[in-house]
Structures are given as C-alpha cells and as structure tokens.
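Below is one structure; the comments refer to it alone.
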Amino acid sequence: MKDTQLRVRSLITALVLLLMTSLAAQAQEDSSNEFLSKLHQFRVSNYTSLDAYYRFSAIGDTETLNEIVASINRANDAMNSIADSTTGILSDKQVESLNQEFDTFKNLMRSNINDVRNTGYPDLRLVSDMANQALTLNQSATELYEIAQESGATVIDSRVEAARSAAVTMAQMMAKYSARTNSQVAQTFQGTSSDVPLDEQARLFDALLAEIKNGDVSGELKSTLDSLSSKWQFIRSSYINYNDNNVAFVIDRYSKRILDGLEEAINLLTDNA
C-alpha cells in the first residue's frame, strides 16, 4: 500500500514538474515574442513621427504636433520595454546603443519642432540630419530585430514577418512622400543615398501583401486583408508615380488606415499561430 502511495506521489510530482517546466518555457517564448513585437513597434513609430513632422513643418498646427508627440511616445514606450526586458536576447551594450541613437533622433526632432514654432519654417540642415538619423536608427533597429529572430528564442511566422515588413515599408513611404509634398527641396529630406525610391518600395509592398495572403485567409483576417488591399489599390499609383500631382492628405490618411489594418492582421495571425 505504501509503495503504491509513493508511486502515485512520485507520478504527481513528476507531472507537476513537467507542467511547471512547460509553463516556464511558454512564458519565456511569450516574453521573447513580445520583445520582437516591441522592436517592430519601435521602427514603425519613428517613421510615423517623421511623417507627421514633415506635415507640421508646412502648416505648424497643434493637431499635427500632437501626432508627432503621440508617435514619439509610442516609440519611447517600446524602447523602455526593450530596455526592461529580461529575455537576454540582446546584450546590454546593444540595447544601450539603440537607446542612444533614439535619444539623438528625439533631440533632433525637438530642435526641428522648435525651429518651426519659433521661426515659422524649418532649418534644412537640421531636417536633413534628422532624416539621416531616422535611417540610421531604423537600420540599427532592423539589425537587432534580425538578431532576435535568429536567436532561436522567438517563434517565426512567415506571414507575421511579412506583415511587419509591410508596415515598416508603408511607414517609410509615408514619411518620404510627406517630405516630397511639404517641401520644395525634398531631396534634403530623403536621407542617405542608400534610401530606396518610392516606386521600388511600392512594388516591395505588393510582394509583401501577396505573401501575407499566401495561406489560410478566412473570417476576420480575410475581411481585414480585403479592406487594406482595397485601400492600397486606391493610393498605389500615387506611390508608383510619385512625381505626379496627387492629393497628399488623402494618401496620408489611407496610408495610416493601411497601417492600422496591418496591425490588426498581425494580431489576428499571431493569435491563430
């Protein structure tokens, strides 16, 4: 009888330990995937703040200034989550380097906002510095994102990654188009020579959208993808033929809605993974 009781207790103990190990592993995986998500949000938010700044530089209104602040705050929250993470995916040195580059970008953004508020127009040198810093910041964040992907600590879903790449591409296109629209010297704002032209980015977005749709698409996900695809078709030619005269505020509005749709698609794909 005692032997039977001991065996039962041992079995229960083994099952409890197995369950605890499984839960710990799942918690670590969830934490790692959240880390990747925050890096993604960080990249997108920095470009949406840049998009809002270019519009602010032309009109100087409070509503657009609030958009800049909201995007910077989202990027700041994401950066804090990355810095506070205990996943160990990135080294302290890597995170601190990204944080310093972000601080430089925020300081340049603050200086450029003050120029517009104080003088009514932007300082082109400072705006160029900020555009270049945005590219540098995105390149650094992308490199760290790829390191996190390759760490083995995260679960990689090809369609989620395609949707995230599409969101970053759209945010970059928004900022670039806004720069062209809101300044007569748009080349000053384009950043370094490694920057990709708008029409090439638009065709990249086509390919990424096709990849997102390559799989089971039904229910709410289908509705979301159909909606953002429709919006994309409405403004696609404006990005392809970016030198034509187009209605900039319509393009910006639809681009934002596409970003919202991509965020929703990412959430749906993640939940169903």
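Only this structure's heavy atoms are used, side chains among them; waters, hydrogens and symmetry mates stay out. Everything numeric in this text was worked out from a predicted model, so none of it was measured.
- Ring planes of Phe56 and Tyr53: tilted class, angle from 30 to 60°.
- You'll find the side chain of Met174 stays beyond 4.5 Å of the side chain of Ile251, heavy atoms only.
- Rounding to the nearest 0.5 angstrom, the gap separating the CG atom in Leu137 from the CG atom in Asn99 is 10.0 Å.
- A donor-acceptor pair is defined here as one N or O able to donate and one able to accept, closer than 3.5 Å; no such pair exists between the side chain of Ser230 and the backbone of Ser227.
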Side chain to side chain contact (heavy atoms under 4.5 Å, CB included) for Asn112 and Ser57? Distances and angles first, verdict last. CA-CA 8 Å; Asn112 277 290; Ser57 70; over 6 Å; no
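- Linking Ile, Leu, Val, Met, Phe, Trp and Tyr residues whenever their side-chain heavy atoms come within less than 4.5 Å leaves Ile59 and Val127 in two separate clusters.
- Annotation for Asp244: atom CG counts as buried by contact number, over 12 foreign heavy atoms lying within 6.0 Å.
- Counting heavy atoms from C-beta on, the side chains of Leu259 and Lys256 never come closer than 4.5 Å.
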Report task. Begin with the C-alpha distance, continue with both residues' side-chain angles, and end with the deciding distance and a verdict on side chain to side chain contact (heavy atoms under 4.5 Å, CB included) for Ile72 and Phe105. Result -> CA-CA 10 Å; Ile72 290 292; Phe105 176 69; 3.9 Å; yes
inquiry  = side chain to side chain contact (heavy atoms under 4.5 Å, CB included), that's the test. Do Tyr177 and Ser255 meet it? Break it down for me.
reply    = CA-CA 11 Å; Tyr177 196 90; Ser255 297; over 6 Å; no
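- Judged by distance alone, with hydrogens and angles left aside, the side-chain atoms of Asp51 form no donor-acceptor pair with the main-chain N or O of Tyr47 at under 3.5 Å.
- Between Ala75 and Phe42, the shortest heavy-atom contact is O-CD1, 3.4 Å.
- With a 4.5 Å cut-off on side-chain heavy atoms, Val168 and Asn138 count as touching.
- In this structure, the ring of Phe205 has its center no less than 6.0 angstrom from the ring center of Tyr239.
- Minimum heavy-atom separation, Ile240 to Ala202: CD1-CB, 3.6 Å.
- Taken to the nearest 0.5 Å, the CG atom of Leu262 stands 7.0 Å off from the CE atom of Met170.
- Taking the ring centre of Tyr254 as origin, the terminal cationic atom of Arg257 falls inside the region bounded by 6.0 Å and 45° from the ring axis.
- In this structure, the side chains of Arg74 and Thr48 come closer than 4.5 Å at one or more pairs of heavy atoms.
- The distance from the CZ atom of Phe102 to the CG atom of Asn107 is 10.0 Å, given to the nearest 0.5 Å.
- Asp103 and Lys106 are joined by a salt bridge, as a carboxylate oxygen and a charged side-chain nitrogen come within less than 4.0 angstrom of each other.
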Might you work through the side-chain hydrogen bond (donor to acceptor under 3.5 Å, both in side chains) test for Ser140 and Glu101, ending with a clear yes or no?
CA-CA 9 Å; Ser140 296; Glu101 289 182 3; 2.7 Å; yes
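- One hydrophobic cluster holds both Val247 and Trp232 under the rule that ILVMFWY side chains link at heavy-atom gaps under 4.5 Å.
- Salt-bridge check for Arg125 with Asp129: passed, with a basic side-chain N closer than 4.0 Å to an acidic carboxylate O.
- Under the 6.0 Å distance and 45° angle rule, Arg43 counts as a cation-pi partner of Tyr145.
- Counting only distance, with no hydrogens or angles, the side chain of Glu200 and the backbone of Pro197 share no donor-acceptor pair below 3.5 Å.
- Between Arg159 and Leu221 the shortest side-chain heavy-atom distance falls below 4.5 Å.
- Nearest approach of Ala58 to Asn182, heavy atoms of both residues: CB-OD1, 3.5 Å.
- Linking ILVMFWY residues whenever their side-chain heavy atoms come closer than 4.5 Å, directly or via other members, places Leu36 and Ile147 in the same cluster.
- The salt bridge (Lys or Arg N to Asp or Glu O under 4.0 Å) with Asp252 is formed by just one residue from the set Lys176, Arg180, Arg55; it is Arg55.
- Contact record, Leu228 with Ile258: O-CG1, 4.0 Å, taken as the closest heavy-atom pair.
- Side-chain contact between Asp199 and Arg203 is present, with at least one heavy-atom pair separated by less than 4.5 Å.
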Decide yes or no on side chain to side chain contact (heavy atoms under 4.5 Å, CB included) for Gln172 and Leu50, but give the supporting numbers first.
CA-CA 9 Å; Gln172 289 174 327; Leu50 204 58; over 6 Å; no
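- Judged by distance alone, the side chains of Thr224 and Glu264 do bring a donor and an acceptor atom under 3.5 Å apart.
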Does Gln41 form a side-chain hydrogen bond (donor to acceptor under 3.5 Å, both in side chains) with Ser37? I'd like the steps, not just the answer. CA-CA 6 Å; Gln41 292 171 19; Ser37 176; 3.3 Å; yes
task: Kindly determine whether Asn114 and Arg117 satisfy side-chain hydrogen bond (donor to acceptor under 3.5 Å, both in side chains), including the steps that lead there.
output: CA-CA 5 Å; Asn114 288 336; Arg117 296 179 74 179; 4.9 Å; no
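- Two different hydrophobic clusters hold Leu204 and Leu135 under the rule that ILVMFWY side chains link at heavy-atom gaps under 4.5 Å.
- Atoms CG and OG, from Asn76 and Ser71 in turn, are 12.0 Å apart once rounded to the nearest 0.5 Å.
- Side chains of Thr270 and Asp157 form no contact here, defined as non-hydrogen atoms less than 4.5 Å apart.
- Annotation: the span from His40 atom NE2 to Ser45 atom OG amounts to 8.5 Å, rounded to 0.5 Å.
- Scanning all heavy atoms of the two residues, the minimum distance from Leu269 to Val160 falls at CB-CG2, 3.7 Å.
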Given the rule in the salt bridge (charged side-chain N to carboxylate O under 4.0 Å, His left out) test, do Glu96 and Lys93 qualify, once you have shown the distances and angles that lead to the verdict? CA-CA 5 Å; Glu96 179 57 28; Lys93 184 178 179 180; over 6 Å; no
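- With rounding to the nearest 0.5 Å, the separation of CE in Met173 from CD1 in Ile235 is 7.0 Å.
- Here the closest non-hydrogen pair linking Ser165 and Leu208 is C-CD1, 3.7 Å.
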* Asked: Between Ser85 and Lys38, does a side-chain hydrogen bond (donor to acceptor under 3.5 Å, both in side chains) hold up when you go through it step by step?
  -> CA-CA 10 Å; Ser85 173; Lys38 291 299 182 183; over 6 Å; no
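- At least one donor-acceptor pair closer than 3.5 Å links the side chain of Ser81 to the backbone N or O of Asp77.
- At least one donor-acceptor pair under 3.5 Å links the side chain of Thr104 to the backbone N or O of Gln100.
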